[in-house]
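Taking it in order: structure first as structure tokens, then the write-up.
If you're wondering where the values come from, they're calculated on a predicted model, not measured in any experiment.
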2 protein chains.
Amino acid sequence: MLAIMKEIPDRLTIGELSARSGMAASALRYYEELGLISSTRTAGGQRRYARATLRRVAFVRAAQQVGLSLDEAREAMARLPADRAPNAREWSRVARRWESRVEERIAELQRLKERLGGCVGCGCLSLQKCRLYNPGDQAAERGPGARHLIEDVPLSS
Amino acid sequence: MLAIMKEIPDRLTIGELSARSGMAASALRYYEELGLISSTRTAGGQRRYARATLRRVAFVRAAQQVGLSLDEAREAMARLPADRAPNAREWSRVARRWESRVEERIAELQRLKERLGGCVGCGCLSLQKCRLYNPGDQAAERGPGARHLIEDVPLSS
DNA sequence: CTGCTACTTCAAGTTCGCTTGAGGTCAAGG
DNA sequence: CCTTGACCTCAAGCGAACTTGAAGTAGCAG
């Protein structure tokens with residue numbers, strides 16, 4: 001041959017997958033246990049991964065960045081083929097869901113940032129009398145979850 | 001101004017703090033153990049919190065949203081007074097740090113979103129041959145951390 | 001004073017996402 | 001064939017962030 005085409009094997013050992021994905025082998029075994037990725041075995045029982053697994057692992061990492069648990073990632077990936085690249089329909093279905101998730105997360109952080117900067121910017125630096133940003137301290141009543149950054153008692157009287 | 005200023009007690013029981021902050025009492029005790037908040041005790045040994053503690057708790061929650069650990073939150077709060085509202089200098093010092101943290105996080109998510117949408121948008125839906133988004137699979141060499149969303153082997157040959 | 005609820009401590013348990021270690025096997029280069 | 005390093009399983013451990021439970025006490029209303 002002109003060049004060696006064998007350099008990129010199409011079944012990866014766990015060590016290779018680990019090196020390429022940047023995940024520890026132990027983590028990959030763990031992912032497999034959870035059903036996030038899968039492998040075939042050699043006669044001797046060693047794992048061999050399809051190259052597409054690399055994509056799945058990357059997917060998992062990305063999912064975690066967005067704040068998904070491994071369980072949610074598995075669920076999301078259930079819609080993607082395990083052994084080949086996803087096609088248009090498959091991918092866009094998943095991507096759309098993700099995008100909204102990412103956007104939500106971004107929006108949340110932006111609100112946070114506004115409050116953070118807001119109190120500095122609006123001149124009420126003591127944070128004590130800024131009704132704009134501290135509309136009472138009833139926040140708890142709205143249940144756990146989104147809440148004012150700085151909540152405090154309203155001006156008594 | 002001559003009216004009763006006493007309706008809102010200035011020392012809160014753990015139950016009151018819990019109700020107002022939305023955090024479980026057990027979590028508040030835990031925070032105290034970690035040094036995130038502090039209390040004085042009654043003669044009988046029960047905790048009483050200053051109202052400013054409400055703000056600290058909110059601060060911790062916000063810190064977590066930004067992705068800080070409780071330890072990091074404690075560190076950040078070390079620059080804020082425990083028992084009164086922070087003044088301009090104190091607050092802006094902390095807020096600035098936070099803002100950059102929040103902005104980083106937002107930027108990270110926005111990059112993710114672009115990649116996500118990019119692969120759908122650029123027409124290379126198979127994700128297999130999109131050099132634009134998959135510049136090789138050397139990502140692992142850059143160590144654990146930021147990495148392409150979808151990494152895969154470059155076109156062999 | 002009685003009774004009740006909210007509080008106290010301390011130890012142990014829980015979930016998530018892994019890592020570590022022991023003890024053993026496989027696969028490939030020399 | 002032999003050695004060596006990469007792999008195997010299984011159980012246990014870890015750190016973060018809490019929660020739960022048991023056993024007892026505080027503080028307030030009536």
Side-chain angles (χ1 to χ4, degrees), chain A residues 4 6-7 9-49 53 56-77 140 143-145, chain B residues 6 9 11-49 53 56-77 140 143-145 147:
Chain A
I4 331 89
K6 241 211 107 196
E7 256 157 7
D10 59 39
R11 310 281 324 167
L12 306 170
T13 65
I14 197 169
E16 288 161 342
L17 183 58
S18 166
R20 289 184 169 220
S21 67
M23 298 292 300
S26 60
L28 295 173
R29 286 193 202 98
Y30 179 63
Y31 285 178
E32 195 170 335
E33 199 182 321
L34 296 190
L36 287 159
I37 58 178
S38 63
S39 64
T40 54
R41 300 297 183 112
T42 62
Q46 298 198 353
R47 289 174 178 82
R48 289 297 124 84
Y49 294 99
T53 308
R56 285 180 83 87
V57 174
F59 196 101
V60 172
R61 293 187 57 93
Q64 286 182 303
Q65 291 234 338
V66 189
L68 298 186
S69 67
L70 293 182
D71 237 54
E72 291 172 305
R74 184 166 39 71
E75 209 186 303
M77 285 199 305
Chain B
K6 232 194 117 195
R11 312 284 322 171
L12 306 170
T13 65
I14 197 169
E16 287 162 344
L17 183 58
S18 167
R20 288 183 170 219
S21 68
M23 298 292 299
S26 60
L28 295 173
R29 285 191 202 100
Y30 179 63
Y31 285 179
E32 196 170 333
E33 198 181 324
L34 296 190
L36 287 158
I37 57 178
S38 63
S39 62
T40 54
R41 300 298 184 112
T42 61
Q46 297 198 355
R47 289 172 180 82
R48 288 299 180 274
Y49 295 99
T53 309
R56 285 179 83 86
V57 173
F59 197 101
V60 172
R61 293 187 57 94
Q64 286 181 303
Q65 290 232 338
V66 187
L68 299 185
S69 66
L70 293 183
D71 237 52
E72 292 172 304
R74 183 165 38 70
E75 211 186 302
M77 283 198 306
R147 192 165 276 122

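Regarding contacts with the backbone of D:dC8, a side-chain N or O of A:Arg47 is found under 4.0 angstrom from either OP1 or OP2. Contact annotation: A:Thr13 reaches the phosphate of D:dC7 (side-chain N/O to OP1 or OP2, under 4.0 Å). Taking only side-chain nitrogens and oxygens, A:Tyr31 never comes nearer than 4.0 Å to OP1 or OP2 of C:dG17.
Atoms CD (A:Glu33) and C1' (C:dT19) sit 13 Å apart, rounded to a whole Å. What separates CD1 of B:Ile14 from P of D:dC18 is a distance of 14 Å, to the nearest Å. Atom CD of A:Glu32 and atom P of D:dC10 are 13 Å apart (whole Å). Atom CZ of A:Arg61 is separated from atom C1' of C:dG17 by 13 Å (rounded to the nearest Å). Between the OH atom of B:Tyr30 and the P atom of D:dG21 there is a distance of 19 Å, rounded to whole Å. The CZ-C1' distance, from B:Arg48 to D:dC28, rounds to 11 Å in whole Å. Distance OH (B:Tyr49) to P (C:dA6): 16 Å, rounded to an integer number of Å. Between the C1' atom of D:dT9 and the CG atom of A:Leu28 lies a distance of 16 Å, rounded to the nearest Å.
Between D:dA17, C:dG17, C:dT19, one nucleotide has an atom nearer to the side chain of B:Leu70 than all others, and that is D:dA17. Between C:dA27, D:dA17, C:dG17, one nucleotide has an atom nearer to the side chain of B:Ser69 than all others, and that is D:dA17. Of the candidate nucleotides D:dC18, C:dA27, C:dG17, C:dA27 has the atom lying nearest to any side-chain atom of A:Thr42. Residue B:Ala27 places its side chain closer to D:dC18 than to any other of D:dC18, D:dT9, D:dA26. Side-chain atoms of B:Arg41 lie closest to C:dT8 of the nucleotides D:dC8, D:dT19, C:dT8. The listed nucleotides are D:dA17, C:dA27, D:dG27; the one nearest the side chain of B:Gln46 is D:dG27.
Between B:Arg56 and B:Met77, the closest side-chain pair of non-hydrogen atoms falls below 4.5 Å. Between A:Thr53 and A:Leu12, every side-chain heavy-atom pair lies at or beyond the 4.5 Å cut-off. The shortest side-chain heavy-atom distance between B:Arg47 and B:Thr13 does not fall under the 4.5 Å cut-off.
No contact: A:Ala25 has no heavy atom under 4.0 Å from any strand. Contact annotation for B:Leu34: no contact, since no heavy-atom pair falls under 4.0 Å across all strands. Residue B:Arg29 is classed as a base contact, given a heavy-atom separation below 4.0 Å to a base.
Nearer the 5' end of DNA chain C, as judged by each residue's closest nucleotide, is the contact made by A:Ala24, out of A:Ala24 and A:Gly45.
Atom CZ in B:Arg29 sits 9.5 Å away from atom CD in B:Glu32 (nearest 0.5 Å). Of the inter-residue distances, the one linking A:Leu70 atom CG with A:Gln64 atom CD reads 5.0 Å to the nearest 0.5 angstrom.
Remark: the backbone N or O of B:Leu17 is paired with a side-chain donor or acceptor of B:Ser21 at under 3.5 angstrom.
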